[in-house]
Every structure is written in structure tokens, then in C-alpha cells.
Engineer: 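Can you read through this structure? Questions will come right after.
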Protein chains: 2
Amino acid sequence: MSRQPDESRRSERARQAIHAATAELLASTSYDAITIEKIAAQAGVGKQTIYRWWPSKAAIIVDVWAEVIAPRAAFPDTGDLEADLRAQLTRMLDVLVEPVLGLNYMAVIADSQRDERLAADLSARIFAPRIADTKDRLRLAQAAGQMRDDVDVDTVADLLYGGIFFRSLFRLVPLDRTQPDALVAALIRGIGPLR
Amino acid sequence: MSRQPDESRRSERARQAIHAATAELLASTSYDAITIEKIAAQAGVGKQTIYRWWPSKAAIIVDVWAEVIAPRAAFPDTGDLEADLRAQLTRMLDVLVEPVLGLNYMAVIADSQRDERLAADLSARIFAPRIADTKDRLRLAQAAGQMRDDVDVDTVADLLYGGIFFRSLFRLVPLDRTQPDALVAALIRGIGPLR
DNA sequence: ACAACGAGACGGCCCGTCTCGTCTTGGCAT
DNA sequence: ATGCCAAGACGAGACGGGCCGTCTCGTTGT
């Protein structure tokens with residue numbers, strides 16, 4: 001039943017043209033207005049060539065992002081946990097506040113809510129690596145006595161990233177570049193009364 | 001330029017039929033498979049009647065939810081901040097873990113990323129009231145000395161709700177009903193070393 | 001040679017608008 | 001109050017349009 005195309009005969013030229021066309025559209029066009037037909041036209045490629053190698057437009061976008069942003073990740077480790085967390089969240093927020101890109105970013109996440117394959121792809125290639133890095137950094141902090149070791153690193157990751165994404169999701173409050181400072185400070189010191 | 005229909009002549013029968021049909025579809029059908037044409041057919045209503053009163057299918061859904069869940073909200077206040085936050089987050093998680101409803105819930109949030117009017121509607125009628133309640137409860141806690149008063153309640157709300165939604169969003173880890181306990185405990189006590 | 005390629009035709013689904021003819025409603029005259 | 005009437009909402013569904021995903025075509029490249 002496998003109808004797999006022959007990977008070894010794949011056209012590198014077409015692949016790059018599709019990536020380039022998608023990147024261009026991503027920077028200039030809203031997610032909804034990006035269609036596979038437009039990508040194909042802009043890349044000078046047949047639609048079938050796209051459908052042969054990708055299951056959806058979002059998968060192409062994830063592919064493009066994975067190639068672009070994978071290298072420039074790397075969680076900072078200056079020895080100062082609070083500063084490092086702040087730096088990492090700020091970096092993430094920088095993407096989200098980008099006018100077109102930030103919205104398209106959220107739109108892909110949105111689409112992943114209805115497409116399980118996309119969700120798996122997006123998690124595995126974009127988020128999981130960063131979150132794994134974050135957890136590694138947190139464990140280092142625990143080992144260095146900068147963080148209690150009776151708290152679960154998964155919980156901390158949820159709080160940190162969730163705190164950042166929550167405002168992007170619901171837009172009750174405009175995004176604010178001082179937000180990471182406040183989030184990290186509250187989380188590290190705790191909100192309970194001073195002991 | 002206003003092409004507003006006459007609200008006073010609106011058919012209550014049609015409104016209820018549309019609400020009922022939407023509620024039925026929401027419980028049984030994935031968000032993508034819910035179409036305005038299906039709602040109209042199921043309700044025994046002309047498409048135009050829907051388009052006359054709602055801008056999108058998601059708006060109908062928000063309308064239905066607002067009517068159903070508005071009454072049963074009310075933030076708990078037992079005097080114990082930690083228990084109250086835990087209870088509130090658990091309540092929210094209960095909706096998200098619901099198999100069909102939870103997915104449709106996230107799908108509407110997803111759609112709101114591409115539709116500004118929907119985002120405003122969803123925020124105003126579903127989220128903003130709950131978050132406002134949460135902030136009120138937090139301010140009470142501050143006044144009662146159960147919470148530091150040098151932390152911003154907005155930041156705390158972001159951390160709490162973000163922490164819950166984050167796992168639903170990315171599904172890196174399965175949803176877990178013990179999550180609220182861990183989130184609240186970590187946030188109240190802080191993750192920094194004991195002083 | 002064979003399979004991927006560019007190009008584009010094709011049927012299908014749903015969109016949002018538009019016409020019908022019918023039914024309901026609120027305002028007005030009696 | 002009661003009956004009449006015009007306005008407009010109603011159910012039904014036709015319509016053009018956009019994009020989907022599949023399917024031919026020759027053509028190209030390996």
C-alpha cells in the first residue's frame with residue numbers, strides 16, 4: 001500500500017524553489033491567504049510536486065522554519081539562572097511580536113490543533129528541542145543549588161512557556177517586552193508570602 | 001452603509017434551532033467538519049438566516065458557550081488561596097480533557113488567531129470574565145497577606161492559565177489531572193532556593 | 001527506462017451572496 | 001380592541017468563486 005515516491009530522484013531545485021517561495025509568502029502574506037496553489041505558482045512548480053513531498057502547507061512552513069531556526073537556538077548558560085531564563089523567553093517573544101511572522105507563527109500552532117500529523121511534526125522539530133534544552137538548563141540549576149530540587153522541571157517549563165504564549169493566544173493584553181522579566185521573577189521568588 | 005437587520009423582528013424559534021443544532025454538532029463532530037451549511041440543514045433554517053445574525057461558525061459556537069457556561073462560573077473563595085487556584089485550574093482542565101469538546105474548544109481558540117472579530121468576541125465573553133475573577137481573587141489574597149503584594153496579578157494570571165493551556169496547545173505531554181497541583185505549588189513557593 | 005517534473009484540467013466541497021415565494025410582525029386606521 | 005398592510009425576516013436553494021486534492025498530459029533528468 002505504500003505509495004512512497006523515490007527519494008533519490010527528488011529534484012533539489014524544486015525543493016529549494018518551494019522553500020524560497022514559502023519563505024517569501026510567509027513574510028508578506030497572512031497565513032490564510034497562503035495556498036498551495038500560490039506556493040506552486042510562485043515557485044514555478046507543479047502542484048503535484050508539492051503534494052508528492054508534503055502533506056499540507058503547514059508542513060512546508062514547519063520544514064522551512066526548522067531549516068532556518070534550528071542552528072540559531074542554543075539555550076544560554078551564563079551561570080545566572082534568572083538571567084538565562086529571561087534571555088530565552090525574550091528571544092521567543094521577539095518572534096511573537098514580529099507583525100506578520102508572529103501572527104503566522106501562531107496560525108501554524110493554531111492549525112496544529114486540527115491536524116495531528118502537523119502537531120507531531122511541529123512539536124518534534126520546533127518545540128521539543130527547545131524545551132528539552134530548557135529542562136537541561138533547569139536541571140543544571142538544580143545541581144548548582146540555584147533552584148529547589150523538589151519542583152518538577154516539566155512544571156516549570158509549562159509555567160515559563162505557557163506564560164509567554166498565553167498573551168499571544170488571547171490578546172487580552174498587548175504583548176509587552178518586559179513580560180519575561182516579570183514572569184521569571186515571580187516564578188523564581190514565588191508569589192506566596194515571604195517566609 | 002449600515003445594513004443592520006431589524007433586531008426586533010428576529011425569529012426566536014430560528015435562533016434556538018440554530019443554537020441547538022450547533023450544540024449537537026459540537027458534541028459529535030470535529031470542528032473542521034462543522035460547516036454553516038450543516039448547521040443550517042440540521043436546524044431546518046436557511047443559510048441566509050445564519051449569515052444575517054452571525055459572522056462565522058465560530059461566532060455561533062461562542063454564542064452557544066457563552067449562554068451555557070456563563071452562569072456556572074464563579075471563582076471559589078474558601079480563604080485558602082492555594083486550594084482555590086487549584087480548584088479553578090482543575091475546572092478548566094476538566095473541559096480540556098473532554099475528548100471531543102476539548103478539541104473543539106482548542107480549535108475555536110485556534111481559529112481566533114486568524115479572525116480578529118472572533119478573538120475579541122471570545123475574549124470578551126468567555127475568557128475575560130474568568131480572568132477578571134481570578135485577578136480579583138488574587139488581590140483579595142494580597143490584602144489578606146496570603147500573597148506578596150510586589151507581584152503583578154497580570155503576571156500571575158499569565159503563569160497560571162498559560163501553564164494549563166500550554167500542554168493542551170503542544171501536546172508534548174499528555175494532559176494530567178495532577179498538573180494544577182504542581183503548577184500552583186511551584187508558583188506559590190517559587191522555584192528559587194530556600195532562603 | 002522510468003519516475004519525477006511543470007502545467008493545468010477536473011470534480012468536489014464549502015464559502016458567501018443572491019433570488020425566489022412564504023410567513024410573521026409591528027404600526028396604523030378603523 | 002380588531003383587522004389590514006407593508007416591511008422585512010424566513011426556508012429553500014441556485015449561483016459563481018476559490019481552493020482542495022487527484023488525475024492526466026508531454027517533458028526532463030538521472
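Remember, predicted model here, so these are calculated numbers, not experimental data.
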Engineer: So, is the end of the Arg10(A) side chain (NZ or CZ) under 6.0 Å from the ring centre of Trp54(A) and within 45° of the ring's axis?
Structural biologist: yes
Engineer: To the nearest 0.5 angstrom, please state how far the CD1 atom of Ile36(A) sits from the NZ atom of Lys47(A).
Structural biologist: 8.0 Å
Engineer: How long is the line joining CG of Asp6(B) and P of dC23(C), in whole Å?
Structural biologist: 21 Å
Engineer: Students often mix this up, so state it plainly: with edges at 30° and 60°, are the rings of Phe127(A) and Phe170(B) parallel, tilted or perpendicular?
Structural biologist: tilted
Engineer: Under 30°, 30 to 60°, or over 60°: which ring-plane class applies to Phe166(B) and Tyr161(A), parallel, tilted or perpendicular?
Structural biologist: parallel
Engineer: Mind calculating the distance between CD (Gln4(A)) and C1' (dA3(C)) to the nearest angstrom?
Structural biologist: 15 Å
Engineer: Would you say Trp53(A) reaches dC5(C)'s phosphate, i.e. side-chain N/O to OP1/OP2 under 4.0 Å?
Structural biologist: yes
Engineer: So which atom in Thr49(B) and which in Ile18(B) form the shortest heavy-atom distance, rounded to 0.1 Å?
Structural biologist: CG2-CD1, 4.4 Å
Engineer: Using whole Å, report how far CD of Glu7(B) lies from P of dG26(C).
Structural biologist: 12 Å
Engineer: Does this structure show an ion pair linking Arg125(A) with Asp121(A), if we count only N-O contacts that are shorter than 4.0 Å?
Structural biologist: yes
Engineer: Does NZ or CZ of Arg15(A) come closer than 6.0 Å to the centre of the six-membered ring of Trp53(A), within 45° of the ring's axis?
Structural biologist: no
Engineer: Does Asn104(A) reach the main-chain N or O of Leu26(A) with its side chain, forming a donor-acceptor pair under 3.5 Å?
Structural biologist: yes
Engineer: Measure from CH2 on Trp54(B) to P on dT17(C) and round the result to the nearest Å.
Structural biologist: 16 Å
Engineer: Provide, to the nearest angstrom, the distance between the CG atom belonging to Asp32(A) and the P atom belonging to dC15(C).
Structural biologist: 14 Å
Engineer: Is there a donor in the side chain of Thr78(B) and an acceptor in the side chain of Asp80(B), or the other way round, less than 3.5 Å apart?
Structural biologist: no
Engineer: Axis-to-axis angle across the helix from dA1(C)-dT30(D) to dT30(C)-dA1(D), five pairs an end, to 10 degrees?
Structural biologist: 20°
Engineer: Under 3.5 Å, which N/O atoms of the protein pair with N/O atoms of nucleotides 28-30 of chain D?
Structural biologist:
residue: dG29(D); atom: N2; partner: Arg9(A); partner atom: NH2; Å: 2.3

Engineer: How close or far is atom C1' of dC20(D) from atom CD1 of Ile34(A), stated in whole angstroms?
Structural biologist: 16 Å
Engineer: Rounded to whole Å, please give me the gap between CD in Glu12(A) and P in dC5(C).
Structural biologist: 11 Å
Engineer: Does a donor on one side chain sit under 3.5 Å from an acceptor on the other, for Ser30(A) and Asp32(A)?
Structural biologist: no
Engineer: Within this structure, what is the CD1-to-C1' distance between Ile60(B) and dG16(C), rounded to whole angstrom?
Structural biologist: 13 Å
Engineer: Does NZ or CZ of Lys135(A) fall inside the cone over Phe75(A)'s six-membered ring, less than 6.0 Å from its centre and within 45° of the axis?
Structural biologist: no
Engineer: Can you pull every protein N or O that's under 3.5 Å from an N or O on nucleotides 11-15 of chain D?
Structural biologist:
residue: dG11(D); atom: OP2; partner: Gly46(B); partner atom: N; Å: 3.4
residue: dG11(D); atom: OP2; partner: Thr49(B); partner atom: OG1; Å: 2.7

